[in-house]
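Each remark here refers to the structure printed beneath this line.
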There are 2 protein chains.
Amino acid sequence: MSSVSIKEVAARAGVSPGTVSNVLNRPEKVAESTRSRVEKAIRDLGFVRHGSASSLRAGHSRTVGLSVIDIGNPFFTDVAAGVEEVASERGYAVILGNSSGDRLKEERNLLVFAEQRVRGVLITPAGGNLAKLDQLRERGINVVLVDHPAERADQCSVAVNDITGGSLAVSHLLAAGAGRIAYVTGPLTIRQCADRLTGAERALAAAGRDPGQALEEVAMSAMNARSGQQAAEKLIAEGRLPDAVFCANDLLALGMLRGLLHAGVRVPQDVLLIGYDDIDFASASAVSLTSIRQPTHRLGRVATELLLDECDNPESHAHQQVMFQPELIVRESTH
Amino acid sequence: MSSVSIKEVAARAGVSPGTVSNVLNRPEKVAESTRSRVEKAIRDLGFVRHGSASSLRAGHSRTVGLSVIDIGNPFFTDVAAGVEEVASERGYAVILGNSSGDRLKEERNLLVFAEQRVRGVLITPAGGNLAKLDQLRERGINVVLVDHPAERADQCSVAVNDITGGSLAVSHLLAAGAGRIAYVTGPLTIRQCADRLTGAERALAAAGRDPGQALEEVAMSAMNARSGQQAAEKLIAEGRLPDAVFCANDLLALGMLRGLLHAGVRVPQDVLLIGYDDIDFASASAVSLTSIRQPTHRLGRVATELLLDECDNPESHAHQQVMFQPELIVRESTH
DNA sequence: TATGCTGGTCGAAACGTTTTAGTCAAAAGC
DNA sequence: GCTTTTGACTAAAACGTTTCGACCAGCATA
């Protein structure tokens, strides 16, 4: 109820409001003695700066918006944790938006961000709203793309090379002796899924195989464990079990694993299995899962650092399109 | 850059700023013809209300703070998804804070929330900061406790009965023929862990067993899969494998499962296993996991509804301490 | 002694809304 | 036909900061 304002602090410390503001924002500008007097008044009165008033006058807030595709996916959760970490270190608050892959929902999130006059936006675009993002930029809100390489050079982005990832996975399967490989994926309209496929095909070509022969695509509509299990059942029912299965994410792979084991197919003896993302649960499954690790947490951290750098040093800031490299983590499922 | 204000909209529509504000906030108060004229001006100019200015003057923002203990835990993720859903429906933005179980970090989050003058706070307390929460309330910021029953009647809380949950788990194990049961848990200073133990003991007592005899506690410092596996290794090494294992959460249970299978112990033939939370991965593990389901998503939704009701209808609002009941989900691991 | 600096502080004008009291014309009540 | 009421709108005062020019004392320079 009783919100103490900067004026009351000023009165108690016997200075002007402007001086209190200086203590808050540029302590070095005010004399030691008055500073400590003001600080005491702040403590005594339990003063807390009014963020809205502050950002109204200052022209910018200390918040960033984060829009993710699926807060339930450990991949995004890890990213979010990294974002929150950096933002918190720098005194920024994170406004969370979950687009659920829905373009309209994502648009609503962006509107909320715009209303809050966030300092910047971190977004894994669900698709279709790239023009909206440019509008945000025109409004002076910086945008960093997360897990999505920027097409243009005038913006920052942070991503992981999915083509390399796909190659890593398939090369490993080939080295382990696989002949026919199934690629279990989500919709190929999802960039990540498509890129991983490209990588897989390149690895096959590099090994002298014909991708059209050696690789079978199994596209599911969702990318969760249920879909993975359905894919397993399908492969088994149709009697065309491959030597190895490459799943576009770990949730699919875990479902696949369960489906295979359930039908008495042994992993890795009968079928090799590799996932993608290396979520925590990948190592905890009954047959621990070989996977492609992405620096998820790092992704979130770097994206946020880039964003805040762009905010705090607008003229010295150089846009960067950071591309991380994925890493193969070998475990029981291909061993 | 070019932020259009309400004044410019007013000028273009040939009305006063106050009228534009009315169109925004109480459209029914303004005549049809002017309203549509103003709305057109808003669209033409791409006006977006300045949240800070709005909340400065109005005295309250349209944001809520959410402080969770571990954003990496699917339990909290599901809660957060529910929160985000309701908040978004009602036009509120969610400010996310991750306390990592750290009291200082939690305190920092609360400070950020206070600065942002959030309308309310949703928090799963990490411990020790309950006085700080009262301070928030004095400042007029409503607080709803999440997964933590309120001790006093003057506040809202949403929780799930962990005693019942513990009883459900152990009753089920007893019915399945278990004699000696191990309870693998995190620190018993965590309320949830302690309550689940209490429930377990009650179930034993109700079945005429002596809890001191039939139940062995194995307390680990962390509640993740790694700890679960360590617990399994410990039980096996010491040669005191029980008939059944009750884990205080699914992460522990998944680790336990892996540890047992790895050592050639069959689940459920040799040892029955039950977890807690029923996270998605529980059903996707190689031996699907019997677990205690909590209405996680619901928890988040109801907590947010309660909070926003308290904010929007301060006088008619009745504080509620909602207690949900957990549910036993039987799967292969006890079958 | 006059002049220019400098470090420290002050006062007041913003920032973009919301809200309250007030204006004014037209409709309604008697 | 006069007052009241109503409906639609306006003008201006807040809300709590930040920032900018002004100010002033003290000190060094000339």
Side-chain angles (χ1 to χ4, degrees), chain A residues 1-39 41-42 45-63 91 114-119 139-141, chain B residues 1-39 41-42 45-63 91 114-119 139-141:
Chain A
M1 200 74 214
S2 66
S3 206
V4 287
S5 81
I6 219 174
K7 275 185 198 164
E8 305 171 52
V9 174
R12 175 175 252 252
V15 297
S16 80
T19 301
V20 177
S21 176
N22 280 334
V23 171
L24 256 30
N25 302 306
R26 333 178 183 46
E28 74 283 359
K29 293 276 173 201
V30 22
E32 170 60 26
S33 63
T34 38
R35 186 173 58 213
S36 58
R37 201 151 27 98
V38 170
E39 279 164 352
I42 289 178
L45 265 44
F47 165 80
V48 177
R49 174 215 261 107
H50 194 307
S52 296
S54 169
S55 54
L56 169 58
R57 176 61 239 235
H60 54 255
S61 69
R62 287 190 80 76
T63 56
E115 282 201 355
Q116 297 299 322
R117 296 295 196 274
V118 296
R119 198 72 194 278
R139 281 217 163 77
I141 298 179
Chain B
M1 201 76 216
S2 66
S3 204
V4 287
S5 79
I6 219 173
K7 275 186 199 164
E8 304 171 52
V9 174
R12 176 176 251 252
V15 297
S16 80
T19 301
V20 177
S21 175
N22 278 333
V23 171
L24 256 29
N25 302 306
R26 333 178 186 44
E28 74 283 359
K29 293 277 174 200
V30 22
E32 170 60 26
S33 65
T34 39
R35 185 172 60 214
S36 58
R37 200 151 29 98
V38 170
E39 278 165 352
I42 288 179
L45 265 42
F47 165 80
V48 177
R49 175 215 260 106
H50 195 307
S52 296
S54 169
S55 52
L56 170 58
R57 176 60 239 232
H60 56 255
S61 69
R62 285 190 79 78
T63 57
E115 282 201 356
Q116 297 299 322
R117 296 294 196 276
V118 296
R119 198 70 194 280
R139 281 217 163 79
I141 298 179

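Only this structure's heavy atoms are used, side chains among them; waters, hydrogens and symmetry mates stay out. We name chains A, B, ... by the order of the sequence lines, and we start the count at 1 in each one.
- Within the 3.5 Å criterion, the main-chain N or O of B:Arg49 finds a donor-acceptor partner in the side chain of A:Arg117.
- Partner A:Ser52 forms a side-chain hydrogen bond (donor to acceptor under 3.5 Å, both in side chains) with one of B:Ser55, B:Ser54, B:Ser61 and no other, that one being B:Ser55.
- You'll find that the side chain of B:Val30 is closest to D:dC9, out of D:dC9, C:dT17, C:dC15.
- Checked against D:dG16, D:dT18, D:dT10, the side chain of B:Ser16 finds its nearest nucleotide in D:dT10.
- For A:Ser54, whose side chain is taken as the heavy atoms from C-beta onward, the closest listed nucleotide among D:dT18, D:dA11, D:dT19 is D:dT18.
- Take the nearest nucleotide of DNA chain D for B:Ser33 and for A:His60: the residue whose nucleotide is more 5' is B:Ser33.
- Nearest nucleotide to the B:Phe47 side chain, out of C:dT17, D:dG16, D:dC9: C:dT17.
- Put simply, the side chain of A:Val23 does not reach to within 4.5 Å of the side chain of A:Thr34, judged on heavy atoms.
- Within the 4.0 angstrom heavy-atom criterion, base atoms lie near B:Thr19.
- A:Arg117 comes within 4.0 angstrom of no nucleic acid atom, judged by non-hydrogen atoms across all strands.
- When the nucleotides C:dT18, C:dA13, D:dT10 are ranked by their closest atom to the side chain of A:Arg57, C:dA13 comes out on top.
- The side chain of B:Asn22 lies closest to D:dT10 when the candidates are D:dT18, D:dT10, C:dT17.
- Side-chain proximity of B:His50 to D:dT17, D:dT18, C:dT17: nearest is C:dT17.
- Considering CG of B:Leu45 and OG of B:Ser5, their distance stands at 9.0 Å, rounded to 0.5 Å.
- Within 4.0 Å (heavy atoms only), A:Arg26 reaches sugar-phosphate atoms of the nucleic acid but no base atom.
- When heavy atoms are screened at a 4.0 angstrom cut-off, A:Thr34 is found touching the sugar-phosphate backbone but no base atom.
- Nucleic acid contact for B:Val15: sugar-phosphate only, since backbone atoms but no base atoms lie under 4.0 Å from a heavy atom of the residue.
- Among the heavy atoms of the strands, none lies under 4.0 Å from B:Ser55.
- Of the candidate nucleotides C:dT17, C:dG8, C:dC15, C:dT17 has the atom nearest to the side chain of B:Ile6.
- Backbone-only engagement by A:Ser5 is indicated by non-hydrogen atom pairs under 4.0 Å involving sugar-phosphate atoms exclusively.
- Backbone-only engagement by A:Gly14 is indicated by non-hydrogen atom pairs under 4.0 Å involving sugar-phosphate atoms exclusively.
- If one axis is set at each end of the helix from C:dT1-D:dA30 to C:dC30-D:dG1 from five pairs, those axes are 40° apart, to 10°.
- Counting heavy atoms from C-beta on, the side chains of A:Leu24 and A:Ile42 come closer than 4.5 Å.
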